[in-house]
Protein chains: 2
Amino acid sequence: MPKDRAPTRIQRKNRAAILDAALEVFSAQGFRGATVDQIASAAGLSKPNLLYYFPSKEAMHEAVLSQLLDTWLDPLRALDPIGDPIEEILGYVRRKLEMSRDFPRESRLFANEIVQGAPRIHEVLSTDLKALVDEKTAVIQGWIDEGRLAEVHPYHLIFSIWSLTQHYADFDVQVRAVLGKEDPFDAAPEFLETLYRRMLRPA
Amino acid sequence: MPKDRAPTRIQRKNRAAILDAALEVFSAQGFRGATVDQIASAAGLSKPNLLYYFPSKEAMHEAVLSQLLDTWLDPLRALDPIGDPIEEILGYVRRKLEMSRDFPRESRLFANEIVQGAPRIHEVLSTDLKALVDEKTAVIQGWIDEGRLAEVHPYHLIFSIWSLTQHYADFDVQVRAVLGKEDPFDAAPEFLETLYRRMLRPA
DNA sequence: CGTGACTTTGACCTTTTGGTCAAATCAAAG
DNA sequence: CTTTGATTTGACCAAAAGGTCAAAGTCACG
C-alpha cells in the first residue's frame, strides 16, 4: 500500500486495469463466484499484486460497485420537468436501452447484487434511489394531472422502464437463444418507443 | 446411496426437504455462493447425509433446476390460439405475475442462472424454449394479421412480459426499497393490464 | 549514478468447502 | 426379536481460495 500521496502513473494504470477486470469477473460470476486469481489474470497482474492495490476482494467489489452507482442513475436524473412529457420519458427509455447495449457488464453486476438481496447496497436504494424516484414520479404525476400523459401508476411506470431495458442486458443469453441470429437491439428501440407511445398518449 | 428400488417413505421426505432447502439457498446465493452446509442446515440434515441422497452439490443444483424448468414454461404453453387475443395475452401476463408473487425463489434461481450466462441450461433455451416461443409468436402474428391485435413485434412482446413480471420477483428488494410500505403486488396487476390493453388494442 | 520510495512476486499460511468413509443407528419384513 | 438393508454421522481428507510477507526488482529524481 503506497502512502497517500497523489497516485503515480503506474497506480492509475493498474487500479483502472483491476477495476475493469473486477467488473468483468464479478458481473459474470457474482461476488462469491469470482476468485481473486480470475480477476488477477483478467487484469494481467499477480494475485499479491492486486492485494497491494486493494486490501481485499471485498474492497475491489465495493470499489466497482460504488463506481457503478455513481453513474447508474444519471439517465433518470436527466429527466427534465420542463420538457415534453412523452418525449422526456421516451428519452429516458432510449438512454437506458443504450446503457444495456453499451454497458451490459454494469447492468449484470447490478442485477447480481439485487437478485441476491442487495446486501451491500440496500442502504443506497432506500435513501438515494428512493429520493430520486420520489422526485421524478412527482414530476410524472404532475404531467398526468395536467392531462399531458395518460393515467398511469408513476412508480410502476419507472419499474417498467427499468425492467424492459435492463432485460436486454441481464437476460441477453436468453433473448439471443430465442431470437436466433437476429440482434435484439435491432428491433428493441422501436418496440419500446411504440409501447410507451401507446401507453402514455393521453385519451 | 440406496439401491434403485422404489423410493422409501424416508427417501421421499428427505429428497423433498433437500430440494426445497437447495432452492432456498441457491436462489438466494447463486450456485457458487451456496455451500452444502447451508443447504444441509436449511434442510435439517447433516452434510454427509445430503451427499448420501445426492452425489454432489452440482447434482442438487441440477435437480432443482430441472424440476423448475419442468413447470416454468407452463403459463406460456397455456396461451390458447382459439381464445380472444387480448384476453389470452392478459391471462398469460396474469399467470406470470402470480408466479412472481407466489414463487419468487424459482424466479430468482432462474434469473441467477441466466444472468451468469446460463452455463447449465443454454441448451434447453435454444431448443425447447425457442421452439415454444416460435410457436406462440406465430399465433400472435396470426392475430395481428387478422387485425385482432395492434401491430407489435411478437418476440419482443413476449420478452416484455417476461421482464415486466419477473422484475417483481427478481428485483423485489429494489422495488420495495423504492415503494416503501406499499406492496408492489397491490398495483402491479392493474398496471400491467392497463399497459397491455393500451398497447395491444387494434387501431 | 545513487538513493529512497514504489512495485512485484514466490512461497507460504489459514480457512473454507466439497467430498469420503467406516462405524453406528434405525426400520421393518419375516 | 432378529436379521438385513437403509439411514445417519463424526472424523477426515484434499483442493480451492483469500490473504500475508520478506525479499527482489523498478522508477524517478536530485
Side-chain angles (χ1 to χ4, degrees), chain A residues 1-65 112 116 119-120, chain B residues 1-65 109 112-113 116 119-120:
Chain A
M1 346 73 169
K3 304 284 164 56
D4 75 25
R5 310 214 180 117
T8 69
R9 176 181 51 87
I10 294 177
Q11 274 170 44
R12 269 196 305 278
K13 181 171 68 80
N14 283 350
R15 275 180 195 277
I18 293 169
L19 287 179
D20 186 74
L23 173 61
E24 182 73 26
V25 177
F26 283 135
S27 69
Q29 315 268 141
F31 179 74
R32 284 284 313 263
T35 74
V36 177
D37 271 313
Q38 283 175 320
I39 300 172
S41 94
L45 298 171
S46 68
K47 180 168 70 166
N49 206 173
L50 289 217
L51 293 162
Y52 169 73
Y53 288 101
F54 292 88
S56 68
K57 176 182 168 182
E58 179 71 41
M60 294 174 214
H61 190 251
E62 240 170 59
V64 171
L65 209 50
N112 259 308
Q116 303 194 0
R120 307 158 219 271
Chain B
M1 352 65 176
K3 302 282 162 55
D4 75 26
R5 307 212 181 117
T8 69
R9 175 180 51 86
I10 294 176
Q11 272 169 47
R12 267 195 306 277
K13 181 172 68 78
N14 283 348
R15 274 180 195 277
I18 293 169
L19 287 180
D20 186 73
L23 173 60
E24 182 73 25
V25 178
F26 283 136
S27 69
Q29 316 267 145
F31 179 74
R32 281 285 313 268
T35 74
V36 178
D37 271 313
Q38 283 176 318
I39 300 173
S41 93
L45 298 170
S46 68
K47 180 168 71 167
N49 206 173
L50 288 218
L51 293 162
Y52 169 72
Y53 288 101
F54 292 87
S56 68
K57 175 183 170 183
E58 179 72 40
M60 295 174 214
H61 190 252
E62 240 171 59
V64 170
L65 208 51
L109 180 71
N112 259 308
E113 192 61 19
Q116 303 194 359
R120 306 158 221 271

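These values consider heavy atoms only, across backbone and side chains, with no hydrogens, waters or symmetry-generated copies. From a predicted model like this one, the values you see are computed outputs, not experimental measurements. In the text below, chain A, chain B and the rest are named by the order of the sequence lines, each starting its count at 1.
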- [ ] Would you tell me if any nitrogen or oxygen in the side chain of A:Asn14 comes within less than 4.0 Å of OP1 or OP2 on C:dT8?
- [x]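 Yes, because at least one side-chain N or O of A:Asn14 sits under 4.0 Å from OP1 or OP2 of C:dT8.
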
Open item on the list: Strictly below 4.0 Å, N to O, side chains only: are B:Glu113 and B:Arg120 in salt-bridge contact?
Closed with: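 Looking at B:Arg120 together with B:Glu113, the answer is yes, because their closest N to O distance falls below 4.0 Å.
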
Open item on the list: At less than 4.0 Å, is any side-chain N or O atom of A:Tyr53 found next to OP1 or OP2 of C:dT8? Yes or no.
Closed with: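 Checking A:Tyr53 against C:dT8: at least one side-chain N or O falls below 4.0 Å of OP1 or OP2.
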
Open item on the list: Quick check on D:dT7: is either OP1 or OP2 less than 4.0 Å from any side-chain nitrogen or oxygen of B:Thr8?
Closed with: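 B:Thr8 to D:dT7 OP1/OP2: side-chain N or O found under 4.0 Å.
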
TODO: Measure the CG-CZ distance between A:Leu50 and A:Arg15 for me, rounded to the nearest 0.5 Å.
DONE: 11.5 Å

- [ ] Kindly confirm or rule out a cation-pi arrangement of B:Lys57 over B:Phe26, judged by NZ or CZ under 6.0 Å from the six-membered ring centre and within 45° of its axis?
- [x] no

- [ ] May I have the distance from A:Glu58 (atom CD) to D:dA17 (atom C1'), rounded to whole angstrom?
- [x] 15 Å

Open item on the list: Rounded to whole Å, please give me the gap between CD in A:Gln11 and C1' in C:dA5.
Closed with: 11 Å

Task: Contacts of type side-chain hydrogen bond (donor to acceptor under 3.5 Å, both in side chains), residue A:Gln116, not counting sequence neighbours - done: B:Asn112

- [ ] Mind calculating the distance between OH (B:Tyr52) and P (D:dT7) to the nearest angstrom?
- [x]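 Answer to the nearest Å: 4 Å.
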
Open item on the list: Nearest whole Å is fine: how far is D:dT26 C1' from A:Lys13 NZ?
Closed with: 12 Å

- [ ] Take the C1' atoms of the five end pairs on each side of the helix from C:dC1-D:dG30 to C:dG30-D:dC1, derive the two axes, and give their angle rounded to 10 degrees.
- [x]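 End-to-end axis angle for the helix from C:dC1-D:dG30 to C:dG30-D:dC1: 10°, rounded to 10°.
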
Open item on the list: With heavy-atom distances below 4.5 Å as the criterion, would you say the side chains of B:Met60 and B:Leu51 are in contact?
Closed with: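 Yes, their side chains come closer than 4.5 Å.
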
Check nucleotides 13-18 of chain C against the protein and report each pair of N or O atoms closer than 3.5 Å, with its distance, or say if there are none.
| from | atom 1 | to | atom 2 | distance (Å) |
| --- | --- | --- | --- | --- |
| C:dT17 | OP1 | A:Arg32 | NH2 | 3.3 |
| C:dG18 | OP1 | B:Ala34 | O | 3.3 |
| C:dG18 | OP1 | B:Lys57 | NZ | 3.0 |
| C:dG18 | OP2 | B:Val36 | N | 2.8 |
| C:dG18 | N7 | B:Lys47 | NZ | 3.0 |

Open item on the list: Can you tell me how far apart CZ (A:Phe54) and CG (A:Leu19) are? Round to the nearest 0.5 Å.
Closed with: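 Taking CZ in A:Phe54 and CG in A:Leu19, the distance rounds to 4.0 Å.
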
Open item on the list: To the closest 0.5 Å, what do you measure between OH (B:Tyr53) and CG (B:Asn14)?
Closed with: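 So the OH of B:Tyr53 and the CG of B:Asn14 are separated by 4.0 Å.
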
Task: side-chain N/O A:Asn49 vs C:dT9 OP1/OP2, d < 4.0 Å - done: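 Yes, because at least one side-chain N or O of A:Asn49 sits under 4.0 Å from OP1 or OP2 of C:dT9.
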
Task: Atom-pair distance (CZ on B:Arg15; P on D:dA6), nearest Å - done: 13 Å

Open item on the list: Listing request: all salt bridge (charged side-chain N to carboxylate O under 4.0 Å, His left out) pairs with a residue in residues 18-27 of chain A, at least two apart in sequence or in separate chains.
Closed with: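 Only A:Asp20-A:Arg105, A:Glu24-A:Arg105 qualify under salt bridge (charged side-chain N to carboxylate O under 4.0 Å, His left out).
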
TODO: Can you figure out which of D:dT8, D:dG10, C:dT7 approaches the side chain of B:Pro48 most closely?
DONE: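 Ranking D:dT8, D:dG10, C:dT7 by closest atom to the B:Pro48 side chain puts D:dG10 first.
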
Open item on the list: What is the separation between atom CD on A:Gln29 and atom C1' on D:dA17, rounded to the nearest whole Å?
Closed with: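 About 14 Å, once rounded to whole Å.
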
Open item on the list: Rounded at 0.5 Å granularity, tell me how far CG in B:Leu23 sits from CG in B:Leu65.
Closed with: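 Going from the CG atom of B:Leu23 to the CG atom of B:Leu65 covers 10.0 Å.
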
Give me the distances for all protein-to-nucleotides 28-30 of chain D N/O pairs that come in under 3.5 Å?
| from | atom 1 | to | atom 2 | distance (Å) |
| --- | --- | --- | --- | --- |
| D:dA28 | OP1 | A:Arg9 | NH2 | 2.8 |

Task: Gap between atoms CG and P, on B:Leu45 and D:dT9 respectively (whole Å) - done: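 Between P of D:dT9 and CG of B:Leu45: 7 Å.
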
When the side chains of residues 36-45 of chain A are checked against the rest of the protein, which donor-acceptor pairs come out under 3.5 Å, sequence neighbours left out?
| from | atom 1 | to | atom 2 | distance (Å) |
| --- | --- | --- | --- | --- |
| A:Gln38 | OE1 | A:Thr35 | N | 3.0 |

